[in-house]
Amino acid sequence: MKAFIKCGAGKAISVFLVLIMAVSLVNTIGVKVQAKQNNKIVILYFSGTGTTEGAAKRIKNKTKGKLMAIEATEPYTEEDLDYGNDESRVTKEHESADSPAESTIRPEIDNLSQIKKAVKKADMVYIGYPIWWGEAPHIVYNLVENISLKGKTVVPFCTSISSGLGDSSENLKENANISSKTNWLEGRNFYDIPSQKTVNKWINGLEY
C-alpha cells in the first residue's frame, strides 16, 4: 500500500513538472512572438536637454517598441544649446537660412546606419524632437531625408517650453523620403515630460 502511494505521488509530481514545463514553453514562445511584433515599432528621438528623451521613454513603455536616440556625430554641448548666444551652434544653424528645410546645414548622425536597419523592419516610426524657433532641429531634417519612410506609418511628437507642434511636422514631411503609401499622422506636442497616463491616452486615440 505504501509503495502504491509513493508511486502515485511520484506520478503526480511528474505530471505537475510536465505541466510546468509546458506552460514555460508557451510563455517563452509568447515572449518571442511579442518581441517580433515589437520590432515593428521604432521610436526615434533627438533630445538636447533630456525632455524629448523622457517623452520617448514613455512612448516605449506603452508600445514596447525599439527606442533609439538620434546621435549627433558632434554632440551638442550646453554652450551649443544656448539660443540666447548669437555665437552658439544652434543660433548659427537657425540663422543659416529662413527655415531648416532651406538650410544646407545637416549635422551628421553617428548611428544613421543602425537607424536605417531598424526602420527597414518597422511598420510604425515615431519621430521625436524639441522645438527650436518653431521648427524641428536641422539634425532631424537630416534624419527624414536619409532614411526611407516609404510605406510606413509615421508619428511625429515634440517637446517645447511654450510653442506647440506648429508646422514642424508638415515641414518635415515635405522634406522626408516618403511615398504615397506613407501614412504621416498629425502628431502632437508635450510641454514637458508627459505622464505615462497622458501618453497612453494619446496613443490609444491614434487612428491609423
Side-chain angles (χ1 to χ4, degrees), residues 28 30-77 80-81 106-132 135-161 165 168-169 172-173 176-178 182-208:
T28 300
V31 168
K32 289 182 178 179
V33 171
Q34 182 65 32
K36 186 177 180 181
Q37 292 173 339
N38 292 344
N39 284 337
K40 293 183 178 180
I41 298 176
V42 176
I43 305 112
L44 306 175
Y45 71 92
F46 172 72
S47 188
T49 62
T51 305
T52 307
E53 180 182 18
K57 287 180 176 179
R58 296 283 193 270
I59 294 170
K60 174 182 171 55
N61 290 343
K62 170 61 177 174
T63 64
K64 308 304 180 187
K66 184 178 181 64
L67 183 68
M68 299 186 73
I70 303 165
E71 300 173 358
T73 301
E74 182 184 346
Y76 285 81
T77 66
D80 290 336
L81 297 170
R106 291 293 182 264
E108 194 172 322
I109 299 172
D110 194 52
N111 59 333
L112 185 60
S113 61
Q114 293 96 320
I115 289 174
K116 284 182 177 180
K117 289 178 183 178
V119 170
K120 186 176 182 179
K121 299 175 183 177
D123 293 329
M124 175 175 276
V125 182
Y126 288 81
I127 300 177
Y129 51 89
I131 290 290
W132 292 354
E135 291 279 5
H138 290 64
I139 192 171
V140 182
Y141 277 84
N142 191 14
L143 174 81
V144 300
E145 291 166 356
N146 288 287
I147 62 172
S148 176
L149 295 168
K150 295 176 180 179
K152 312 292 183 182
T153 293
V154 180
V155 190
F157 66 97
C158 64
T159 59
S160 66
I161 296 174
L165 184 71
S168 65
S169 172
L172 284 174
K173 180 181 177 181
N177 183 11
I178 60 176
T182 300
N183 183 19
W184 193 289
L185 302 188
E186 183 178 354
R188 70 160 293 171
N189 171 71
F190 299 105
Y191 289 105
D192 202 343
I193 299 176
S195 68
Q196 190 63 58
K197 183 178 179 180
T198 296
V199 169
N200 292 353
K201 183 177 180 181
W202 168 55
I203 292 175
N204 286 339
L206 292 177
E207 296 182 1
Y208 58 92

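In terms of modelled atom types and a separation under 3.5 Å, the side chain of R188 and the main chain of W202 share no donor-acceptor contact. Remark: the backbone N or O of K197 is not paired with any side-chain donor or acceptor of N200 at under 3.5 angstrom.
Residue R58 comes nearest to S195 through the heavy atom pair NE-C, 4.0 Å, listed as atom of the first residue, atom of the second, then distance. Residues L172 and A136 share a closest heavy-atom pair of CD1-CB, 3.8 Å. Considering all non-hydrogen atoms of both residues, P194 and V199 come closest at CG-CG2, 3.5 Å. Of all heavy-atom pairs spanning I131 and S168, the tightest one is CD1-OG, 3.7 Å. Heavy atoms only, all atoms of each residue included: S169 and E186 are closest at OG-O, 3.8 Å. Closest of all the heavy-atom pairs between G48 and L81 is O-CD1, 3.5 Å.
In this structure, OG1 in T73 is found 8.0 Å from CG in N111, a value given to the nearest 0.5 Å. For the atom pair CE (M124) and NZ (K40), the distance works out to 12.0 Å, reported to the nearest 0.5 Å. One distance of note links NZ of K116 with OG of S148; it measures 9.5 Å at 0.5 Å rounding. For the atom pair CD1 (I43) and CD1 (I127), the distance works out to 12.0 Å, reported to the nearest 0.5 Å. How far CD of E135 is from OH of Y129: 8.5 Å, rounded to the nearest 0.5 Å. Considering NZ of K117 and CD1 of I147, their distance stands at 15.0 Å, rounded to 0.5 Å.
In this structure, N177 and L149 have side chains that are not in contact, with every pair of non-hydrogen atoms separated by 4.5 Å or more. Under the 4.5 Å side-chain criterion, counting only non-hydrogen atoms from C-beta, Q196 is in contact with K62. Two residues are said to be in side-chain contact when any heavy atoms from C-beta on lie closer than 4.5 Å; F190 and T198 meet this criterion. Side-chain contact check for Y76 versus P137: every heavy-atom pair is 4.5 Å or farther apart.
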Name each donor-acceptor pair under 3.5 Å that joins a side chain in residues 150-160 to protein atoms two or more places apart or in another chain, with its distance.
| residue | atom | partner | partner atom | Å |
| --- | --- | --- | --- | --- |
| K152 | NZ | V119 | O | 3.0 |
| K152 | NZ | K120 | O | 3.2 |
| K152 | NZ | A122 | O | 2.6 |
| T159 | OG1 | T52 | OG1 | 2.6 |
| S160 | OG | S163 | O | 2.1 |
| S160 | OG | N189 | OD1 | 3.1 |
| S160 | OG | N189 | ND2 | 3.4 |

Checking L67 against K57 for the side-chain contact (heavy atoms from CB on, under 4.5 Å) test, could you report, in this order, the C-alpha distance in whole Å, the side-chain angles of both residues, the deciding distance, and whether it holds? CA-CA 7 Å; L67 183 68; K57 287 180 176 179; 3.8 Å; yes
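Side-chain contact of N142 with N146: a donor-acceptor pair under 3.5 Å is present, judged by distance alone. Inspection of the Y126 and T63 side chains reveals no N or O donor paired with an N or O acceptor under 3.5 Å.
Applying the 6.0 Å contact sphere to CD of E145 captures more than 12 heavy atoms from other residues, nucleotides or ligands.
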